[in-house]
Amino acid sequence: MEGLFGKVFKELGYDVNPKIVKSNKGADFQCDDAFKLAKEYHKAPNMIASEVVEKIKSEPNFDNYFKEVSVAGPGFINITVSDKYINEQLRQLMNKEILGSTKEDKMIVVDYGGPNVAKPLHVGHLRAAVIGQAINNILKYKGNKTIGDVHLGDIGTQMGQVIYGILTDFPDTNPEDVVIDLDYLNVTYPKMSALCKEDEEVRAKCLQITKDLQDGDPKYKVLWQKIWDLSVSDIKRIYDYLDVHFDLWYGESHAYKQFDEMMPYLEEQGVIIEDDGAKIIDVKEEGDKVELPPCMIQKRDGAYLYATSDLGTIWQRVKDFKPDEIIYVVDGRQSMYFVQVFRAANKSNIYNGVLEHHGFGTVNGTDNKPFKTRSGGALKLEDLIKQVKEEFINLREENKNMDAEDVDKIVNAIIKFADLQNNLERNYIFDIKKFSGVSGKTGPYILYTYLRINKIISDSEGIISDEIYSETDRALRLKMLEVSSVIDQASKERRPHYIADYLYELSVAANNFYQNNRVAELEGIKKNDIMLVLNFNNYILETLLGLLGISVPKVM
Ligand code: ARG
């Protein structure tokens with residue numbers, strides 16, 4: 001259709017690649033290019049629009065494409081397409097291997113998750129996991145090769161603190177022989193972290209242990225490994241529940257292994273500045289609106305920092321994968337930090353590909369402040385999952401007897417759809433009641449729509465005919481035609497909410513159809529057509545839910 005409009009504009013002497021966009025009222029689509037051209041060609045927009053409309057109406061294949069094309073208002077071109085056109089487009093779409101329109105073929109590392117070993121996952125980690133996994137799924141679906149890396153915080157001060165705790169609790173045991181379990185870890189980290197706040201001496205000791213550990217002290221290394229194994233297997237358990245998976249379980253400790261190679265390289269590149277014994281990289285640039293502090297690489301005492309580990313990680317990724325892009329799905333409050341790291345990586349020529357930080361907003365309580373428990377601490381992710389599960393089970397009597405696997409799928413749908421329906425940059429308020437409802441823009445609503453349609457679908461064969469049978473049928477088919485551009489846009493911008501929005505709109509269209517057509521009474525070609533349409537509707541729903549990390553339960 002854009003091609004035909006392009007041809008007509010050109011034949012009339014206008015140099016433009018016209019854009020045809022969805023129209024919200026009075027037509028299916030519209031073209032607004034007359035406004036832009038008006039200035040260039042010194043003509044009234046509606047004159048240009050009229051010329052185009054008149055000419056397009058005289059095209060020999062007009063009826064194949066259109067039911068009606070007309071000028072609206074001061075120069076919009078309103079387009080109502082023919083049923084034949086809708087069905088032709090739909091047949092093409094149904095025939096395609098994937099729903100996106102263009103194939104992508106990049107190597108992309110996706111850094112998401114970012115939990116800290118020895119500390120429990122809290123609600124803040126939910127978004128990194130859920131959004132990161134969705135972006136990873138979308139990029140993969142489009143044909144890219146992706147490497148998901150969890151990037152554990154596994155060599156920071158919390159490790160020194162827990163090691164100190166173990167040394168005081170097991171003073172006479174060989175590090176190799178120390179036996180600890182998860183309960184021990186869950187008690188020891190908060191205990192030590194509180195103690196360090198009160199006791200300066202302990203704090204200093206813990207920092208020293210951390211430093212020695214980073215320098216490779218073997219006796220600490222043994223304890224570190226025990227903590228790592230315990231904690232990471234617990235983190236994996238929760239990620240598994242959320243269907244969040246990583247190709248690499250690397251962490252900051254892996255980056256430390258790169259420093260012997262990377263630090264001399266940085267010196268060679270001449271980007272390191274000595275500042276009172278510390279090493280920094282200046283990352284200010286002309287035109288910056290705020291003055292960017294330098295990127296700290298090494299402290300006076302020789303200790304490395306968060307930024308050094310991110311640079312070391314980039315160094316390693318370049319070596320291992322030669323990625324076209326590295327993208328980070330990390331809390332938006334770290335955005336300045338990532339500007340510093342990205343500039344440091346560029347300036348030092350560690351990496352000249354694309355680096356992107358997609359910073360997400362906070363999950364807030366009803367007071368619109370970052371979610372806290374009643375006692376003021378961060379809510380554990382596991383407790384949040386439990387709360388959602390309880391809410392759902394108590395919603396209706398039947399839910400109490402539901403298949404456990406189905407319950408978990410629905411809990412996932414509630415949590416993920418609630419999160420992913422927002423532009424990731426925005427904060428949102430966690431309202432379990434609202435998110436669990438089967439009406440409104442919720443995960444359960446989409447699942448319910450899918451299952452409702454699934455019940456009435458029967459076998460169908462061949463391809464759809466050129467007929468359309470009702471207004472709601474037509475609206476549903478038109479909505480299905482949007483799917484490719486939605487996936488393309490979500491992939492291009494790394495914004496899963498486009499898919500969530502579309503899932504909701506498609507579900508509304510499918511429910512409208514369901515309520516206004518007596519599917520059970522259909523026969524013959526009409527029945528076959530409708531079944532093909534409904535089958536495809538559910539194929540789209542299931543595919544897109546899958547991209548958001550949501551699976552469909554058997555019943556609900
Ligand atoms: N562990 C970090 C934190 O809790 C997040 C890591 C994010 N990823 C990264 N490459 N820096 O804040």
Side-chain angles (χ1 to χ4, degrees), residues 108-133 135-136 146-162 189-190 193 210 214 227-228 231-232 234-236 238-239 244 246-259 262 283 295-297 304-318 320-321 323 325-345 350-351 353-363 370-371 377-381 424 494:
I108 306 176
V109 175
V110 191
D111 180 317
Y112 60 107
N116 298 313
V117 170
K119 300 187 193 178
L121 294 175
H122 58 75
V123 38
H125 292 113
L126 176 69
R127 300 209 77 187
V130 169
I131 299 168
Q133 187 65 53
I135 292 177
N136 191 354
T146 67
I147 306 278
D149 185 0
V150 68
H151 198 75
L152 302 163
D154 62 354
I155 197 155
T157 45
Q158 86 274 20
M159 298 308 263
Q161 292 172 347
V162 175
Y189 167 67
S193 150
T210 308
Q214 293 174 348
I227 301 167
W228 200 99
S231 178
V232 170
D234 195 46
I235 289 171
K236 277 191 181 159
I238 296 176
Y239 280 155
V244 170
F246 298 93
D247 301 296
L248 299 178
W249 283 83
Y250 286 175
E252 296 180 357
S253 65
H254 291 82
Y256 273 68
K257 298 191 183 124
Q258 309 301 318
F259 295 167
M262 182 182 81
V283 289
C295 189
M296 263 273 231
I297 301 296
Y304 296 109
L305 297 102
Y306 186 37
T308 336
S309 68
D310 264 314
L311 285 176
T313 305
I314 296 174
W315 178 273
Q316 179 171 33
R317 288 171 181 165
V318 171
D320 292 352
F321 310 112
E325 299 182 25
I326 306 177
I327 66 182
Y328 297 78
V329 181
V330 180
D331 196 319
R333 289 169 292 189
Q334 295 191 25
S335 64
M336 184 164 95
Y337 164 75
F338 279 108
V339 174
Q340 292 176 299
V341 170
F342 294 172
R343 286 196 185 167
I350 288 183
Y351 182 58
V354 176
L355 290 163
E356 276 176 11
H357 170 219
H358 295 282
F360 51 79
T362 53
V363 182
F371 212 108
L379 180 66
K380 279 198 201 164
L381 183 48
L424 59 88
R494 285 85 210 256

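Scope of the values below: all heavy atoms of this structure, side chains included, with no hydrogens, waters or symmetry mates. These numbers come from a predicted model, not from an experiment. Atoms within each ligand, like the ligands themselves, are counted from 1 in listed order.
Minimum heavy-atom separation, D149 to R317: OD2-NH2, 2.8 Å. Listed here is the closest heavy atom pair of G160 and T210: CA-OG1, 3.3 Å.
Of all protein heavy atoms, the one closest to atom 4 (O) of ligand 1 is N116 ND2, 3.0 Å. Nearest to atom 10 (N) of ligand 1 among the protein's heavy atoms is D310 OD1, 2.8 Å.
Rounding to the nearest 0.5 Å gives a distance of 5.5 Å between CG of D247 and CD1 of I147. The distance from atom OG of S193 to atom NZ of K119, rounded to the nearest 0.5 Å, is 7.5 Å. Atom CZ of F371 sits about 13.0 Å away from atom NE2 of H122, to the nearest 0.5 Å.
Here the rule is ring pair (Phe, Tyr, Trp, His ring centres under 6.0 Å) with Y112, and of F360, Y328, F246 only F246 fits it.
When only interatomic distances are considered, the shortest N/O to N/O separation between G114 and ligand 1 falls below 3.5 Å. Residue E252 places no N or O, backbone or side chain, under 3.5 Å from any N or O of ligand 1. Considering both main-chain and side-chain atoms, D111 comes within under 3.5 Å of ligand 1 through a nitrogen or oxygen pair. Ligand 1 has no N or O atom lying under 3.5 Å from any N or O atom of Y337, backbone or side chain.
Ligand 1 lies less than 4.0 angstrom from a heavy atom belonging to Q334.
Contact atoms of ligand 1 toward Y328: 10 (N) (distance under 4.0 Å to a heavy atom of the residue). Applying the 4.0 Å criterion to heavy atoms of Y306 picks out, from ligand 1, the atoms 2 (C), 5 (C), 6 (C), 7 (C), 9 (C), 11 (N). The atoms of ligand 1 that sit less than 4.0 Å from any heavy atom of F338 are 9 (C), 11 (N). Atoms of ligand 1 found under 4.0 Å from any heavy atom of V330, numbered from 1 in the order shown, are 7 (C), 8 (N).
In the model, Q158 has no side-chain atom that pairs as donor or acceptor with a side-chain atom of Y189 under 3.5 Å.
Here Y112 has no heavy atoms under 4.0 Å from ligand 1, in either its backbone or its side chain.
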